[in-house]
Structure formats: structure tokens, C-alpha cells
Amino acid sequence: MVTRAGAATAVAGAVVVALLSAALALYGPPLDAVLERAFSLRKAHSIKDMENTLQLVRNIIPPLSSTKHKGQDGRIGVVGGCQEYTGAPYFAAISALKVGADLSHVFCASAAAPVIKAYSPELIVHPVLDSPNAVREVEKWLPRLHALVVGPGLGRDDALLRNVQGILEASKARDIPVVIDADGLWLVAQQPALIHGYRKAVLTPNHMEFSRLYDAVLRGPMDSDDSHGSVLRLSQALGNVTVVQKGERDILSNGQQVLVCSQEGSSRRCGGQGDLLSGSLGVLVHWALLAGPEKTNGGISDLKLTIWGPEIETGVKTRAQGSCGPQTTTPTSPHLLLSPSPQVQPSPGGRVWRLLSHQAVQPPSLPEARSLHHHLRHDRRGGGGLQQALRNLSPRRPEVNRHLGRGRACV
Ligand SMILES: NC(=O)C1=CN([C@@H]2O[C@H](COP(=O)(O)OP(=O)(O)OC[C@H]3O[C@@H](n4cnc5c(N)ncnc54)[C@H](O)[C@@H]3O)[C@@H](O)[C@H]2O)[C@@H](O)CC1
Ligand SMILES: Nc1ncnc2c1ncn2[C@@H]1O[C@H](COP(=O)(O)OP(=O)(O)OP(=O)(O)O)[C@@H](O)[C@H]1O
Ligand SMILES: [Mg+2]
């Protein structure tokens with residue numbers, strides 16, 4: 001059973017994704033313009049805070065080393081892909097590799113398999129989801145997977161959904177972290193008990209999926225004037241699973257804390273951006289849980305973290321002195337202060353990109369783009385700031401930039 005710290009670590013992983021997505025969102029338009037737009041700060045915090053935050057990101061990135069074997073840094077399975085939808089599972093599965101997983105599997109309906117296989121040789125595609133032995137076929141792979149992403153391009157066919165129900169049961173029995181997205185959330189809305197109390201579940205509903213889920217679980221429409229409270233309540237009603245409500249501002253909660261990320265990203269509202277998020281999250285939740293509470297300071301509630309740059313607020317549930325129960329504070333500062341220690345007073349003005357460009361030395365030219373994983377590790381060995389790592393991603397790999405540029409997802 002997952003400890004509280006373990007579950008909180010999953011949420012800490014979500015904070016990491018918020019930061020990484022800031023990084024991921026930097027590709028596309030010229031870097032400085034995006035930095036200016038994405039990281040422009042109204043109130044800057046100390047460089048130390050920025051360093052703390054980047055340290056959280058670095059902490060969960062598993063070290064690259066020549067002693068590792070294939071798959072050790074992440075083997076992710078995507079459950080989805082049907083006759084109509086083949087792009088979504090591809091976007092989710094390839095995102096897992098681009099973030100830094102070693103292997104990415106897609107378990108899809110037989111009709112979708114040849115199409116998804118044709119998209120990329122990097123994906124291991126299993127045409128089993130519509131087979132009579134689908135659950136057994138997937139279950140064979142579960143011992144070799146670190147996390148599952150369930151739902152991208154799944155569709156709503158009852159037979160497929162029944163198979164996915166069995167796959168989720170088998171995954172829970174093996175304590176495998178699951179990210180549930182898209183039509184996987186359609187299934188959860190029909191059977192909330194399927195994941196109730198499973199603290200290694202992370203749900204990533206968009207606006208529509210959230211209101212459907214909220215309605216199904218809490219038997220009534222969400223309060224659109226209290227989006228923070230709605231996410232908190234839904235998480236609590238589902239037994240404190242982590243809920244990431246995607247939108248103009250991403251709102252996350254594990255039933256104890258609420259974290260809001262308003263990091264500016266792509267203004268496109270094209271299909272597939274949520275799929276990029278869920279695939280990336282599959283890797284990062286695994287890494288955050290693998291890193292453990294000591295690396296993520298026990299999870300969000302214990303982190304002395306002031307998020308630098310992205311306007312991330314939190315309604316951290318704090319036990320007011322002398323009160324009998326937890327209270328939710330409403331966010332005042334545009335920055336996230338996650339510890340009960342006295343509020344860090346933001347210093348006026350300033351822009352992160354000036355800090356980063358000051359820090360970042362001329363990046364060495366790399367013959368080919370590598371995963372962000374590589375660069376974040378490289379950064380740890382005393383490189384420049386995260387920006388240098390990002391600059392190292394070769395602009396000569398348009399498919400990488402296009403992929404990273406699309407994916408603005410703050411979780
Ligand atoms: N290329 C592909 O294969 C893609 C497949 N997809 C799959 O398509 C299936 C259905 O996903 P959808 O997201 O379309 O379905 P949803 O049921 O989540 O959304 C239905 C429609 O609601 C509308 N909508 C979305 N956000 C809204 C908002 N904030 N306010 C008002 N209306 C809003 C959109 O037009 C959307 O198509 C999922 O399985 C998903 O994974 C999508 O991921 C898109 C890309
Ligand atoms: N109105 C918005 N303004 C800015 N960013 C947004 C907006 N809506 C969503 N986003 C961002 O885009 C990302 C994807 O959200 P979206 O609502 O498109 O997911 P989705 O519908 O599941 O996508 P998909 O088409 O892949 O299923 C989210 O992480 C969110 O941060
Ligand atoms: Mg979606």
C-alpha cells in the first residue's frame with residue numbers, strides 16, 4: 001500500500017512536470033522570446049529558491065551511467081488506440097521516450113496496431129486490446145513495466161473498456177502507478193470504485209472530462225466559481241488520488257493540497273496536447289516515486305519550495321495554530337510557497353531569463369539531440385542552468401522541437 005509520503009511524492013512528481021513542461025514549452029518559437037513570455041516574472045525570488053526548485057527536478061531524474069541496462073530508467077506502457085484514434089496513443093507513448101524513458105509500449109486494438117507501428121520504430125506495439133485474452137496478454141507485460149498510461153485514444157467501446165477494467169485491476173494488484181486520461185476517465189466516471197483510494201493513480205481530465213467525472217462521483221455539477229475546491233473535493237471523493245485538471249491554469253490536488261500552475265505555454269488548442277502530457281507524466285511519476293520521499297522532501301507538503309517563474313499558487317491546507325482541523329488557505333502570492341515557514345517575500349522586478357542567460361555558458365554543440373533526461377543529468381554535473389540544457393537540444397531535430405513545442409502542459 002502506498003504510504004502518505006509515497007502518494008505525496010506522486011504529487012511532487014506533478015510539480016516536477018510543471019517545471020519540466022515549462023522547459024518543454026520553450027521549444028517552438030525562438031527560445032528567448034518564449035522565455036520572455038513564459039518565464040517573465042512579476043516578482044522574482046532569490047536565486048537560491050530557483051536553485052531549490054531546479055534541484056527538485058534534478059533530484060528525480062535518474063542518473064545516466066554506463067553501468068545501467070536497457071529499460072532501467074523507465075519502461076512505460078500506454079493502453080489505448082482504436083479504429084478511430086491512433087494519434088493519441090502515439091503522442092503519449094513517444095512523449096514518454098522524449099522525456100527520457102528507455103522503452104515505450106502501446107497496448108491497442110488490432111486495427112490500430114499497424115498504423116501506430118508505422119508511426120515509429122521506437123514504439124513496441126501490442127495488438128491485443130480487443131482480443132478475448134486482452135487482460136492476460138497485458139498482464140504478462142506488467143512485471144516489466146514501471147507505469148501505465150491508460151486512455152489515450154481508447155475510445156468508448158464497451159468490450160475494450162471491460163478489458164481495460166481488468167488491466168487496471170491487475171496493475172493495482174502489482175502497485176504499478178497509473179496515469180488515467182481521456183477515455184480511461186470515461187471508464188472511471190462509470191466505475192469510480194475502480195481506482196478509489198489507489199494513491200498511485202493520477203487522473204488528467206480536461207475541462208469536459210473533469211465535469212463528467214465530478215458529476216458522476218459527486219452527484220452534481222462542479223462549482224465553477226470554486227475550481228480549486230472542486231479539484232480538492234473530487235480527489236477526496238476518489239480516496240485522495242491525484243487529480244490534474246487541465247485548463248488555462250492547471251489545478252492539481254491529492255486531496256490534501258491544491259497546486260495551481262499558470263505557466264504560459266502554447267496558445268494552440270489542438271488535439272494531442274493532453275496526450276503529450278499524460279505520456280510525460282507516466283515517466284515522471286515513476287521517477288518521482290523511484291526517487292522516494294528523501295529526494296522529493298517527502299512530497300509537496302514538506303517541500304520548502306518557492307516556485308520561481310511560473311505563477312504557481314497553492315491553496316495549501318495548513319493546520320492553523322490551535323485549530324482542530326485543516327484549513328485551505330486561498331492563494332495570495334502568485335508564487336508557490338509550499339512550506340509552513342514564513343512567506344518568502346518576493347523581491348521586486350527581475351526576469352528569470354536574465355538570470356538563466358547570465359548563468360548559461362555557450363552550450364557545447366551536440367551532434368544530435370538527446371532526451372531531456374540526458375541534458376538534465378548533464379546539467380547536474382555542473383553545466384549551466386536548465387536553459388543551457390534546453391539549448392543543447394539540437395534545433396536540427398525539428399521533429400523533437402515540434403513535439404516538445406506542442407506539448408505545453410503544466411502539471
Ligand atoms: N489524434 C488522435 O488520435 C487524438 C485522439 N484523441 C482522443 O479522442 C478521444 C476523445 O477526446 P476528446 O478530448 O475529443 O473528447 P472529450 O469528450 O474530452 O471532449 C469532447 C469535446 O469537448 C470540447 N471541449 C474540450 N474542452 C472544452 C472546454 N474547455 N470547453 C468546452 N468544450 C470543450 C472539444 O471540442 C472536445 O472535442 C480520447 O480518447 C482522446 O484520447 C484526442 O486526444 C485528440 C487527438
Ligand atoms: N484554455 C487554455 N489556455 C492555455 N492552456 C490550456 C488551455 N486549455 C488547456 N491548456 C493546456 O493544454 C494542455 C492540454 O490540455 P487539453 O485541455 O487540450 O487536454 P486534452 O483535451 O486532454 O488534449 P487531447 O486533445 O490530447 O486529448 C493542458 O496541460 C493545459 O495546461
Ligand atoms: Mg485528452
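We count ligands from 1, going down the list as the structure has it; atoms in each ligand are counted the same way.
Side-chain atoms of Y119 and T86 form a donor-acceptor pair, as typed in the model, at a separation below 3.5 Å. At a cut-off of 3.5 Å, with distance as the only test, a side-chain donor of D130 or S110 sits close to an acceptor on the other residue. A donor-acceptor pair shorter than 3.5 Å cannot be found between the side chains of N254 and S235.
Every atom of ligand 2 with a heavy atom of G271 under 4.0 Å away is listed here by number and element: 25 (O). Close approach of ligand 2 to G272 (heavy-atom distance below 4.0 Å) involves ligand atoms 24 (P), 25 (O), 26 (O). The ligand atoms of ligand 2 that sit less than 4.0 angstrom from a heavy atom of Q273 are 14 (C), 26 (O).
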Could you list each N/O atom of ligand 1 together with any protein N/O atom closer than 3.5 Å, one pair per line with the distance?
from     : atom 1 : to   : atom 2 : distance (Å)
ligand 1 : 3 (O)  : G87  : N      : 3.1
ligand 1 : 3 (O)  : A88  : N      : 3.0
ligand 1 : 13 (O) : N206 : ND2    : 3.4
ligand 1 : 17 (O) : R156 : NH2    : 3.1
ligand 1 : 17 (O) : R212 : NH1    : 3.4
ligand 1 : 17 (O) : R212 : NH2    : 2.4
ligand 1 : 18 (O) : N206 : ND2    : 3.0
ligand 1 : 18 (O) : E209 : OE2    : 3.3
ligand 1 : 39 (O) : G153 : N      : 3.4
ligand 1 : 39 (O) : D183 : OD2    : 2.5
ligand 1 : 41 (O) : G153 : N      : 2.8
ligand 1 : 43 (O) : D275 : OD1    : 3.3
ligand 1 : 43 (O) : D275 : OD2    : 2.7

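Only the side chain of D250 comes within contact range of ligand 2, with a heavy atom under 4.0 Å; no backbone atom does.
Taking distance alone, with nitrogen or oxygen atoms compared against 3.5 Å, H207 stays at or beyond that limit from ligand 2. Of the N or O atoms in S266, none lie within a sub-3.5 Å distance of an N or O in ligand 2. Of the polar atoms of N206, at least one N or O is found under 3.5 Å from an N or O of ligand 2, judged by distance alone.
Using a 4.0 Å cutoff on heavy atoms, A182 does not count as a contact of ligand 2. Under the 4.0 angstrom criterion for non-hydrogen atoms, M208 is not in contact with ligand 2.
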With a 3.5 Å cut-off and sequence neighbours excluded, list the donor-acceptor pairs that the side chains of residues 147-164 form with protein atoms.
from : atom 1 : to   : atom 2 : distance (Å)
R156 : NE     : D183 : OD1    : 2.8
R156 : NH2    : D183 : OD1    : 3.3
D157 : OD2    : A159 : N      : 3.0
D157 : OD2    : L160 : N      : 2.9
N163 : ND2    : L129 : O      : 2.8

